[in-house]
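What follows is a short report on a single structure.
Please read these numbers as outputs of a predicted model, since none were measured by experiment. Position 1 is the first residue of the sequence, and the numbers go up from there.
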Amino acid sequence: MTSFRDMHMPGDPLILANAWDVGSARMLVALGARAIGTTSAGYAFTRGLPDGGTVGRTEAIAHAKDIASHVAVPVSADLEDGYGPEPGDCGDTVNEAALAGLAGCCIEDVSPEGRAYDFAAAVARVEAAAAAARRAPHDFVFCARADGVLRGAYDLDEAIRRLRAFEEAGADVLYCPMPGEMADLERIVAAVSIPVNALVSGPWTRVTRDAFARTGIARISLGSSLARATHRVIHDAAASIFGDGDFTGLAGIASSEVDDLLTKGAG
C-alpha cells in the first residue's frame with residue numbers, strides 16, 4: 001500500500017478530498033479518493049459556526065480522528081493556525097494530531113483574525129511543528145501554509161520567501177492557497193524543492209488536474225469547496241421551496257445508492 005507521503009508526486013498530483021463528516025468521507029473514498037483531508041470551514045458549518053477559529057484544537061482533532069477511524073485511507077487534518085500564536089502551540093497541535101493516529105496535518109501562518117504572523121515567528125512556528133512531526137510514532141506529513149496571499153496580508157513575493165524558509169525549517173509539503181494565476185503557481189513550484197499543494201476553489205475550479213500536473217504540483221486540495229457546493233444545493237432548493245413552492249430542487253440520487261457508497265467507503 002502506498003504511504004501518504006509517497007502519494008505526493010510532483011506532476012502526478014494526489015487529490016486530497018476534504019470531507020466534513022464520516023458520511024462524506026466514506027462517499028468520497030467509495031468514489032475514488034485515495035486520501036481524505038478535513039476542512040475547518042466544512043466542519044464548522046456542521047456545528048452551525050462560521051469558519052475561522054471557532055472550533056478548538058481538541059474538538060478539531062477528535063473530529064479528524066473520528067473520520068480516520070471510519071475509512072481505510074490516510075486522513076490529514078486542517079488545523080488552522082495551530083490553535084495559538086506560539087511555536088509551542090503548533091508543536092502541541094502536531095503532537096496531538098499524530099497521537100490521534102492521523103497521517104498528517106496543515107497549519108497556516110495567519111491568525112483567525114486574519115493577521116499574518118511576522119516572518120520570524122512564522123518560521124519558528126513551522127520549526128516547532130516540523131520537530132513534533134519528526135517525533136511522531138509513525139510517519140507524519142506536515143504541511144506548512146502561507147495564507148497571506150489568500151487573506152490579503154502579504155504579496156506573492158513574501159509568500160515565496162516564507163515557503164522557502166518553511167522548507168528549510170522542516171516542512172514536508174508547502175501550500176499557498178489561491179496565488180492568483182497559473183504563472184504564480186509555477187513560480188511557487190520552481191522556488192522550492194519539496195511537494196507543493198494547490199487549492200481548488202473559486203476560479204481555480206476551472207483548472208483541470210492535468211493542468212495542475214503540468215505545473216509540477218504534487219497535491220490538490222478541495223478545501224471547503226465541496227462542502228460549500230452542498231450548501232449551494234440547500235440554498236437554491238430552499239429558496240425555490242419557500243419562495244415559489246417549487247420542490248424540483250429536491251431531486252437527488254437514490255437512498256440505495258447512498259447506502260451502497262457509505263458501505264463501500266467504510267474502513
- Examine distances only and state if a side-chain atom of T215 and a backbone atom of A211 form a donor-acceptor pair shorter than 3.5 Å. no
- Close side-chain approach of M178 to P203, heavy-atom, < 4.5 Å: yes
- Task: Please tell me if the side chains of F140 and V94 come closer than 4.5 Å, counting only heavy atoms from C-beta onward.
- Result: yes
- What residues, two or more places apart in sequence or in another chain, satisfy side-chain hydrogen bond (donor to acceptor under 3.5 Å, both in side chains) together with E96? none
- Task: Keeping the roles fixed (side chain from S225, backbone from L222), state whether a donor-acceptor pair exists under 3.5 Å.
- Result: yes
- Carboxylate-amine/guanidinium contact R209 D12, below 4.0 Å: yes
- Could you tell me the separation between the CG atom of L28 and the CG atom of L226, rounded to the nearest 0.5 Å? 6.0 Å
- Please check if the side chain of D118 supplies one atom and the backbone of A121 the other of a donor-acceptor pair under 3.5 Å. yes
- Can you measure from CD (E80) to SG (C105) and round to the nearest 0.5 angstrom? 12.0 Å
- Message: Pair T54, R47 - check side-chain hydrogen bond (donor to acceptor under 3.5 Å, both in side chains), show working.
- Response: CA-CA 10 Å; T54 56; R47 302 278 287 106; over 6 Å; no
- Item | Separation between OG of S255 and CG of D260, rounded to the nearest 0.5 Å | 11.0 Å
- Query: OG of S76 to CG of L102: how many Å apart, nearest 0.5 Å?
  - Reply: 7.5 Å
- Can you find a pair of side-chain heavy atoms, one from I241 and one from L250, that are under 4.5 Å apart? yes
- Task: Could you walk me through whether C176 and R145 pass side chain to side chain contact (heavy atoms under 4.5 Å, CB included), step by step?
- Result: CA-CA 6 Å; C176 174; R145 295 177 52 151; over 6 Å; no
- Message: With heavy-atom distances below 4.5 Å as the criterion, would you say the side chains of C90 and V126 are in contact?
- Response: no
- Query: Is the backbone N or O of L16 less than 3.5 Å from a side-chain atom of S221, with the two atoms forming a donor-acceptor pair by type?
  - Reply: no
- Just by modelled atom types, is the D246 backbone N or O under 3.5 Å from a matching donor or acceptor in the D244 side chain? no
- Note on the structure: Here the pair of heavy atoms bringing F166 nearest to A144 is CD1-CB, 3.8 Å
- Can you name the nearest heavy-atom pair linking E257 to I253, along with the distance? OE1-CB, 3.8 Å
- Message: So P179 and W204, do their side chains get closer than 4.5 Å, heavy atoms only?
- Response: yes
- Measure the shortest side-chain to side-chain distance between R34 and L14 over non-hydrogen atoms and say whether it is less than 4.5 angstrom. yes
- Start with the C-alpha gap between Y43 and N18, add the side-chain angles, then the distance that decides, and say whether side-chain hydrogen bond (donor to acceptor under 3.5 Å, both in side chains) holds. CA-CA 10 Å; Y43 177 57; N18 298 83; over 6 Å; no
- Message: If you compare all heavy atoms of P50 against all heavy atoms of A44, which two are closest, and at what distance to 0.1 Å?
- Response: O-CB, 3.6 Å
- If we only count heavy atoms from C-beta on, is the I67 to I36 side-chain gap below 4.5 Å? yes
- Counting only N and O atoms by type, is there a donor-acceptor contact under 3.5 Å from the side chain of D66 to the main-chain atoms of A68? no
- Smallest heavy-atom separation, Y175 atom then A198 atom, equals CE1-C, 4.1 Å
- Message: For I15, is there any backbone N or O sitting under 3.5 Å from a side-chain donor or acceptor partner on R219?
- Response: no
- Item | Closest contact, heavy atoms only, S24 versus A19 | OG-CB, 3.4 Å
- Quick one: do R214 and D210 make a salt bridge, cutoff under 4.0 Å? no
- Should L156 and L174 be regarded as members of a common hydrophobic cluster, given that ILVMFWY residues are connected when their side-chain heavy atoms come within less than 4.5 Å of each other, either directly or indirectly? yes
Solution key, residues 182-194 side-chain donor-acceptor pairs under 3.5 Å, sequence neighbours excluded:
from : atom 1 : to   : atom 2 : distance (Å)
D184 : OD2    : E181 : N      : 3.2
R187 : NH1    : D157 : OD1    : 3.4
R187 : NH2    : D157 : OD1    : 2.9
S193 : OG     : E167 : OE2    : 2.2

- Is it true that D109 and R125 make a salt bridge, defined as a side-chain N closer than 4.0 Å to a carboxylate O? no
- Item | Side-chain heavy-atom pair I61, L79 within 4.5 angstrom cut-off | yes
- Query: Quick check: does any side chain N or O of D6 sit under 3.5 Å from a backbone N or O of S3, one acting as donor and the other as acceptor?
  - Reply: no
- What is the minimum heavy-atom distance between G148 and V110, and which atoms define it? N-CG2, 3.8 Å
- Message: Would the distance check show the side chain of Y83 and the main-chain N or O of R57 forming a donor-acceptor pair, the cut-off being under 3.5 Å?
- Response: no
- Task: Give a yes/no verdict on a cation-pi contact between R162 and F119, requiring under 6.0 Å between NZ or CZ and the six-membered ring centre and an angle within 45° of the axis.
- Result: no
- Mind checking the OG1-CZ spacing from T230 to F45? Nearest 0.5 Å is all I need. 9.0 Å
- Item | H138, NE2: over 12 other non-hydrogen atoms inside 6.0 angstrom | yes
- Query: Quick one: does T205's side chain have a donor or acceptor within less than 3.5 Å of a partner on V200's backbone?
  - Reply: no
- Point-to-point distance, once rounded to the nearest 0.5 Å, from CG of D81 to OG of S111: 6.5 Å
